[in-house]
Amino acid sequence: MEILDICDELGNPTGKTVERKIAHQQGILHRTAHVWILRKKENKIQILLQKRSEQKDSFPGCYDISSAGHIPAGDNYGQSAVRELKEELGIVVRESELIDCGNRRFHFEEIFHGRLFKDNQVSKIFVLWKDLEEKDFVFEDHEVSEVIWMEFEKCYQAVKNNTINHCIYLEELDMIREYLRECQE
């Protein structure tokens, strides 16, 4: 059983907790950490996408954020991001390697596996620079089925135009794009 902090609109824990399953049944506001892994290859920025396994409780089989996860009660965003990178992709990083790109608040409701899924969260968006090949990532079958590198702008357009099966929010890619612009200045 996974216990989450209930948070306010800014992502601050309220002191109350909720079971993850209940949070998604009732749409209770909670926190997640999203890590977008980038690398520069042949003078172009690439972004790593994970393909969610068919067993996931939401968006099975869709391309998604490099690594993402719920924040257990009592943990912070960075701790959770580091843990998820290890669990989902088999890579070990230090919290200090994560670049904070800000928070994003969102809510959606959709039917998955015949049940209503209500997601109501504040996500901290991180960038992580890692020059690894797909074979360097080790993942558990029930979380991730594969990873692919995609040129950032190609990914942006694919999400914008829905030309790949994905569950990526364009707003997050906008945050990454803004970060990349600031890096070039």
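Since we're looking at a predicted model, the values are computed, not measured. All heavy atoms count here, side chains included; hydrogens, waters and symmetry mates do not.
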Indicate yes or no for a side-chain donor-acceptor contact from [X] to the backbone of [Y] under 3.5 Å, with no hydrogens or angles considered.
| X | Y | answer |
| --- | --- | --- |
| Asn161 | Gln157 | yes |
| Gln26 | Ala23 | no |
| Ser145 | Lys51 | yes |
| Asp100 | Gly102 | yes |
| Arg31 | Asp5 | no |
| Thr14 | Ile6 | yes |
| Glu2 | Pro72 | no |

Tell me the closest heavy-atom pair linking [X] and [Y], and the distance in Å.
| X | Y | value |
| --- | --- | --- |
| Arg105 | Asn120 | NH1-OD1, 2.7 Å |
| Asn165 | Gly61 | ND2-O, 3.4 Å |
| Ile71 | Asp75 | CG2-O, 3.5 Å |
| Cys7 | Val122 | SG-CG2, 4.1 Å |
| Phe152 | Leu173 | CZ-O, 3.5 Å |
| Asp64 | Cys167 | CG-SG, 3.4 Å |

Q.
Going by ring pair (Phe, Tyr, Trp, His ring centres under 6.0 Å), name the residues that satisfy it together with His30, two or more places apart in sequence or in a different chain.
A.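 Ring pair (Phe, Tyr, Trp, His ring centres under 6.0 Å) list for His30, sorted by chain: His24, His70.
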Q) Got a sec, which residues hit ring pair (Phe, Tyr, Trp, His ring centres under 6.0 Å) with Phe59, two or more places apart in sequence or on another chain? A)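 Only Phe108, Phe112 meet the ring pair (Phe, Tyr, Trp, His ring centres under 6.0 Å) criterion with Phe59.
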Q. Side chains of Glu172 and Arg104: closer than 4.5 Å at any heavy-atom pair?
A.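 Yes, their side chains come closer than 4.5 Å.
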Q) Is any side-chain heavy atom of Glu54 less than 4.5 Å from a side-chain heavy atom of Pro60? A) yes
Q: Go through Gln46 and Leu38 one step at a time and tell me if the side-chain contact (heavy atoms from CB on, under 4.5 Å) criterion holds.
A: CA-CA 6 Å; Gln46 294 181 335; Leu38 301 176; over 6 Å; no
[Y] versus [X], side-chain donor and acceptor atoms under 3.5 Å:
| X | Y | value |
| --- | --- | --- |
| Glu84 | Ser67 | no |
| Thr32 | Ser123 | yes |
| Tyr156 | Glu151 | no |
| Glu95 | Gln79 | no |

Hydrophobic clusters here meaning ILVMFWY residues chained together by side-chain heavy-atom distances under 4.5 Å, can you tell me if [X] and [Y] are in one?
| X | Y | result |
| --- | --- | --- |
| Ile45 | Leu132 | no |
| Val93 | Phe139 | yes |
| Ile125 | Tyr63 | yes |
| Met175 | Met150 | yes |
| Ile176 | Leu89 | no |

Return the [atom1] to [atom2] distance between [X] and [Y], rounded to the nearest 0.5 Å.
| X | Y | atom1 | atom2 | value |
| --- | --- | --- | --- | --- |
| Lys130 | Leu48 | NZ | CG | 12.5 Å |
| Ser66 | Gln50 | OG | CD | 7.5 Å |
| Trp149 | Glu133 | CH2 | CD | 8.5 Å |
| Ile148 | Glu134 | CD1 | CD | 8.0 Å |
| Leu85 | Ile37 | CG | CD1 | 5.5 Å |
| Trp129 | Lys40 | CH2 | NZ | 7.5 Å |

**Q.** Criterion side-chain contact (heavy atoms from CB on, under 4.5 Å) on Lys86 and Ile91, from CA distance to verdict
**A.** CA-CA 5 Å; Lys86 173 79 170 113; Ile91 61 173; over 6 Å; no
Q | side-chain contact (heavy atoms from CB on, under 4.5 Å) assessment of Arg181 paired with Tyr179 | A | CA-CA 5 Å; Arg181 278 192 196 120; Tyr179 160 76; over 6 Å; no
(Q) Going by side chain to side chain contact (heavy atoms under 4.5 Å, CB included), Trp36 matches just one of Ile99, Leu49, Leu128. Which one? (A) Leu49
**Q.** side-chain contact (heavy atoms from CB on, under 4.5 Å) assessment of Val144 paired with Val147
**A.** CA-CA 8 Å; Val144 180; Val147 294; 4.2 Å; yes
Q.
Any carboxylate oxygen within less than 4.0 angstrom of a Lys/Arg side-chain nitrogen, looking at Lys44 and Glu153?
A.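 Between Glu153 and Lys44 there is no salt bridge, as every charged N stays at least 4.0 Å from the carboxylate O atoms.
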